[in-house]
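A short worksheet on the structure shown next.
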Amino acid sequence: MSSVVQSPGPQTPVAPSPRPHRVPPRGRTRVLALPEARWALAALLLFLAALPPYLLDAPAWLWGPLFAATYATGGWEPGWEGLKALRERTLDVDLLMVVAALGAAAIGQVLDGALLIVIFATSGALEAVATARTADSVRGLLDLAPETATRLAADGTEEVVPAGSLAVGDVVLVRPGERIGADGRVLDGASDVDQATITGEPLPAAKQPGDEVFAGTLNGSGALRVRVERDPSESVIARIVAMVEEAAETKAPTQLFIEKVEQRYSLAMVAVTLLVFTIPLLLGSDLRSTLLRAMTFMIVASPCAVVLATMPPLLSAMANAGRHGVLVKSAVVMERLGQIDAVALDKTGTLTEGTPRVTDVHPLTGAGLDADGVLGVAAAAEHPSEHPLARAVVEAARARGLEPVPVEDFASTPGTGVSATVDGRAVAVGSPARLLDDPAHPAAVLADGLEAEGRTAVVVTVDGRPVGVLGIADRLRPGAAAATRALAALTGGAPVLVTGDNLRAAARLAAEVGITDVRAGLLPQDKVAAVHELRDAGAKVLVVGDGVNDAPALAAAHIGIAMGRAGSDLALETADAVVVRDELATIPTVVNLSRRARALVVQNLVIAGTFIAVLAVWDLMGTLPLPLGVAGHEGSTVLVGLNGLRLLADGAWRRSRPTTHQET
């Protein structure tokens, strides 16, 4: 779709600004940029250099220094870190690996010890690369945002400024092929915007005036004028990065449990290793074979893979959710999301858009106006007003192509409505109770019917005579019913609706989305009581809300999720996760993604435990070659690390979408 910016009035052409110099975006971390990788490569090269003379029985002075350098380059860093941990009375498994390699060298197994060092260093390098790739996937989101933006002054002149200096209210020009510099709303122009990096949509989205756009998305062939609506530091991309990086510093309950067990396990492993060494010696076994078996046992029984089993799946799931508009604040939250078995939903701003919309236009018989006529005079009278209901009426008229005409003598009375002179006629728009004296009047009957259905009724009069009734209601979010069904399928029971709204409006909306448990007219403390009631029944409750009155319930829940677009600051701070674009369909998806992450954690623990058990039994019951034990141990560590990173792929998000809301 191609277009040019069309200004509302005449405009002097402005010469295009010179294209600013752009800093090339940072790509993936280079492998050799990591110190672990450089030391591992050095150890490998030294080992390969020492191997031929050793195998050819060359003099020891030829291969000995090379092997010594292999031990030093591959083992000094983990050894030093292990000694520092030991000084703090913590037994580090890395230190055990270095001790085992030195022990092998001490009994003449120089080649086996060097091989252990090389494999161990390579394993550490692979883990560092995997961790760097996870960080790259998050940091790369920031690279999508351009370094500069073209800001438009009030007189239409252009100024190239750093994108980070944009402020709310600034207007920027986005030329074809440029990336959008800030979250905002289109003022002029039309184009197709590729926002797959933010929304995951496979096709570009058509953007017209009034549509929202996101920083870092790629503009198509049209030019856009965009008003900045969010500070660059609060853009979707920036918030994703900040929260995911903050979350990387937290640890899930499983991880904390493993770390508590690790020390006891490591001490027990050392004790068993000593028994494996001393008992055969007491029974007459030779020193060399006994020491070799003991060191092999210490290597294969080390819990490296177990320790690495937990965090990669959870952090990968968090990064993936962040790319799709759900900011999970910690790995603890990502793990707990999959545990929920009950859901409590707020109404206004959560299941609904939180913005009133005209749903009904009823002209009165004999009034001389059709539906467009009634809506047109009402919109003209309401146009000067800033009331939310007035804006709803004006927007409804414009949606029908009715542009409000100028008015005179405008007046607004709180609690009553507005009045104005429209084309020489006195028009009033307001509540039925103030504008209607006769409860049996057809307008009053219509108003009562609308209010019985949970809508707000607005009466329109012309020269004191009612001409029509408007019905206004908060519109249900797209996909709300499908998301509710998906949550019900995931938890085994329909969500509960907890709202401060009246029962009639709440019940009507609940019926639309399939909720039967409706708790209306609740104060904030009542919502908390409802959450406690569910918790006392043994449920792990997910609460979804957006307002200040929802914050206490969000805090009381097992997990609280806030709607980010219109959510209050208090709700956003209190919640454990934030749905940035208010897409309800992402909530059941992220719950499912959490369950997939938890399943991967269990899978990793099984893999790690199986490797340890098989290798340890093999060493105790038979003869496990040291190189094979090293390869099995380090291979399992790399395997569980890479297995956890599978959730970084977009396919993991797609597979986590519950089938019950695929229709949306």
Side-chain angles (χ1 to χ4, degrees), residues 340 342-360 388-389 391-392 450-457 471-488 491 493-534 539 541-557 559-572 574-575 577-579 581-588 661 664:
I340 61 109
V343 180
L345 300 170
D346 175 46
K347 172 183 169 287
T348 305
T350 301
L351 284 174
T352 68
E353 294 179 344
T355 304
R357 308 276 184 177
V358 174
T359 58
D360 303 85
L389 294 184
R391 290 197 294 270
L450 290 171
E451 290 177 348
E453 295 175 356
R455 294 171 173 81
T456 298
I472 299 177
D474 191 0
R475 189 165 62 185
L476 194 67
R477 288 191 186 280
T484 302
R485 289 194 300 271
L487 287 170
T491 60
V496 179
L497 183 62
V498 289
T499 177
D501 206 348
N502 66 79
L503 181 58
R504 264 190 322 200
R508 177 186 62 83
L509 181 132
E512 291 185 46
V513 299
I515 294 177
T516 55
D517 190 349
V518 180
R519 308 184 187 191
L522 302 183
L523 296 173
Q525 60 267 30
D526 301 323
K527 291 188 177 184
V528 173
V531 173
H532 284 162
E533 180 184 333
L534 294 170
V541 187
L542 165 66
V543 172
V544 185
D546 72 306
V548 173
N549 62 329
D550 297 318
L554 292 171
I559 289 291
I561 295 181
M563 308 301 285
R565 185 169 290 172
S568 68
D569 289 343
L570 182 58
L572 296 176
T574 305
V578 178
V579 180
R581 295 184 298 274
D582 290 0
E583 295 174 355
L584 281 173
T586 59
I587 296 177
H661 78 264
T664 61

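All values reported here derive from a predicted model rather than from experimental measurement. Side chains included, hydrogens not; waters and symmetry mates left out as well; all remaining heavy atoms used.
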Measure across [X] and [Y] and return the closest heavy-atom pair with its distance rounded to 0.1 Å.
X    : Y    : result
V543 : L554 : O-CD2, 3.4 Å
D546 : G349 : OD2-CA, 3.7 Å
I561 : A575 : C-CB, 4.1 Å
M563 : V544 : SD-CG1, 3.8 Å
G545 : T350 : CA-OG1, 3.4 Å
A488 : P495 : CB-CD, 4.1 Å

Could you check whether R508 pairs with E512 (Lys NZ or Arg NE/NH1/NH2 to Asp/Glu carboxylate O, under 4.0 Å)?
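So R508 pairs with E512 through a salt bridge.
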
Quick one: do L487 and I587 satisfy side-chain contact (heavy atoms from CB on, under 4.5 Å)? Show the steps, please.
CA-CA 8 Å; L487 287 170; I587 296 177; 4.0 Å; yes

Heavy-atom side-chain contact between [X] and [Y] under 4.5 Å:
X    : Y    : result
P478 : E353 : yes
V496 : V343 : no
L584 : V579 : no
T484 : L345 : yes
V513 : L476 : yes

Dump the intermediate steps for side-chain contact (heavy atoms from CB on, under 4.5 Å) on L522 and T499, then the final yes or no.
CA-CA 6 Å; L522 302 183; T499 177; over 6 Å; no

Under the criterion side-chain contact (heavy atoms from CB on, under 4.5 Å), I'd like the reasoning laid out for R357 against I472: C-alpha separation, chi angles, the key distance, then a yes or no.
CA-CA 5 Å; R357 308 276 184 177; I472 299 177; 5.9 Å; no

Whether [X] side chain and [Y] backbone form a donor-acceptor pair below 3.5 Å:
X    : Y    : value
R477 : T352 : yes
T359 : G471 : yes
D582 : G564 : yes
R519 : L497 : no

Is there a side-chain contact (heavy atoms from CB on, under 4.5 Å) between D360 and R455? Walk through the geometry before answering.
CA-CA 9 Å; D360 303 85; R455 294 171 173 81; 2.8 Å; yes

